[in-house]
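Okay, so here's the structure we're looking at.
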Amino acid sequence: MSRAKGPNEAYQTLVARTCAKLKTWRFSEIRMKHAPEGRGPVAIRGQVPDLTGVLEETLYIFGVETRGSLGGDAAHARMAAFSQYAVEKRAVFVLVVPGELEDAAYQTVRLLGLPNTVVYPVPQWPASRSDSTSAQRPAPFALRRKPS
């Protein structure tokens, strides 16, 4: 019998899976919050991103949110800080959520009016066969924008 993932475990799984994808998509300078080697992302407006990476000379800032955190004030403050920084620095803010929260994430982005923000829904666990074969495809972030 499998058990449901707790909030911390769900968050850690999202971060780990996203980090693995960044490597397959040939991101460089990947930095992960709580990295064992201590090379985490630099704080942005007092908020530390969960991941950062560079692809084709563009900085990507990743905020990972779970079912328990997506609607909270602290998450909204993080998203606003990262999105505004992305506008100023010509970067991209990527909101990472479990796949089942994709619609809620897009609604949050619209509600908060977050520019330079895309949503990356991570497929449910365990990884599906189609998820594991997607490593050959380029990073989907530029393609993930939903029309307003």
Side-chain angles (χ1 to χ4, degrees), residues 4-36 39-56 58-87 89-128 130-148:
K5 290 185 177 286
N8 195 39
E9 187 178 355
Y11 166 81
Q12 290 172 350
T13 300
L14 283 170
V15 170
R17 289 190 65 198
T18 303
C19 187
K21 283 293 188 183
L22 297 184
K23 292 175 184 175
T24 66
W25 289 324
R26 297 190 179 8
F27 272 74
S28 63
E29 302 177 41
I30 298 170
R31 293 179 177 239
M32 183 172 60
K33 189 176 184 179
H34 310 298
R39 287 187 31 111
V42 175
I44 295 173
R45 298 177 189 242
Q47 306 284 345
V48 179
D50 297 296
L51 293 155
T52 58
V54 175
L55 180 65
E56 297 176 1
T58 298
L59 173 66
Y60 286 76
I61 304 158
F62 296 85
V64 176
E65 301 299 340
T66 62
R67 179 172 303 283
S69 67
L70 181 62
D73 291 340
H76 291 179
R78 282 191 300 274
M79 289 182 238
F82 300 152
S83 176
Q84 188 57 44
Y85 183 86
V87 169
K89 301 297 182 180
R90 295 181 180 232
V92 177
F93 169 51
V94 181
L95 176 57
V96 179
V97 296
E100 69 271 14
L101 296 182
E102 180 177 11
D103 289 340
Y106 279 116
Q107 288 174 351
T108 301
V109 168
R110 277 193 301 275
L111 175 74
L112 298 175
L114 302 175
N116 283 33
T117 301
V118 293
V119 173
Y120 175 53
V122 176
Q124 290 189 358
W125 309 284
S128 67
S130 64
D131 182 44
S132 63
T133 60
S134 68
Q136 290 79 27
R137 292 185 224 141
F141 306 119
L143 306 175
R144 302 299 299 180
R145 294 182 192 265
K146 261 193 182 175
S148 301

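Atoms considered below: every heavy atom in the structure, side chains included; atoms not considered: hydrogens, waters and symmetry mates.
The nearest pair of heavy atoms linking S69 to A75 is O-CB, 3.1 Å. Residue Q47 comes nearest to A81 through the heavy atom pair CG-CB, 4.0 Å, listed as atom of the first residue, atom of the second, then distance. In this structure, G53 and F62 approach most closely via the heavy-atom pair N-CE1, 4.3 Å. The two residues P121 and G99 make their nearest non-hydrogen contact at CB-CA, 3.8 Å. Here the closest heavy-atom approach between residue K23 and residue I30 is recorded as CG-CD1, 3.7 Å. Across P115 and V87, no two heavy atoms sit closer than the pair CG-CG2, 3.4 Å.
Separating the CG atom in D73 from the CZ atom in R78 is a distance of 10.5 Å, to the nearest 0.5 Å. How far CZ of R31 is from CG of L22: 14.0 Å, rounded to the nearest 0.5 Å. Atom CD of E56 sits about 9.0 Å away from atom CZ of F27, to the nearest 0.5 Å. To the nearest 0.5 Å, atoms CZ (F93) and CG (L114) are separated by 7.0 Å. We find the CD-NE2 distance between E65 and H76 to be 8.0 Å, quoted to the nearest 0.5 Å. A distance of 10.5 Å separates CD in Q107 from CG in L101, rounded to the nearest 0.5 Å.
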For this session: With side chain to side chain donor-acceptor pair (under 3.5 Å) as the test, would you mind laying out the steps for Y85 and N116 before giving the verdict?
Result: CA-CA 9 Å; Y85 183 86; N116 283 33; over 6 Å; no
Exercise. Yes or no on side chain to side chain contact (heavy atoms under 4.5 Å, CB included) for E100 and R67, after CA distance, side-chain angles and deciding distance?
Worked result: CA-CA 9 Å; E100 69 271 14; R67 179 172 303 283; 3.2 Å; yes
Exercise. Step by step, would you call L95 with V97 a side chain to side chain contact (heavy atoms under 4.5 Å, CB included)?
Worked result: CA-CA 7 Å; L95 176 57; V97 296; 4.1 Å; yes
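Looking at residues two or more places apart in sequence or on another chain, you find no side chain to side chain contact (heavy atoms under 4.5 Å, CB included) involving R90. With sequence neighbours left out, T58 forms a side chain to side chain contact (heavy atoms under 4.5 Å, CB included) with Y60, V92.
Contact check for W25 versus L55: no side-chain heavy atoms found under the 4.5 Å cut-off. Side-chain atoms of V122 and P98, non-hydrogen and from C-beta on, never get closer than 4.5 Å to each other.
The backbone N or O of K33 sits nowhere less than 3.5 Å from a side-chain atom of D50 that would complete a donor-acceptor pair. Using modelled atom types, one side-chain atom of T13 and one backbone atom of E9 make a donor-acceptor pair closer than 3.5 Å. Side-chain N or O atoms of T108 include one that pairs as donor or acceptor with a backbone N or O of A104 at under 3.5 Å. Between the side chain of T117 and the main chain of S83, no donor-acceptor pair closer than 3.5 Å is present.
For R45, the CZ atom sits in a packed shell: over 12 heavy atoms of surrounding residues, nucleotides or ligands are nearer than 6.0 Å.
When each of T18, L14, V96 is checked for a side-chain contact (heavy atoms from CB on, under 4.5 Å) with L51, only T18 meets the rule.
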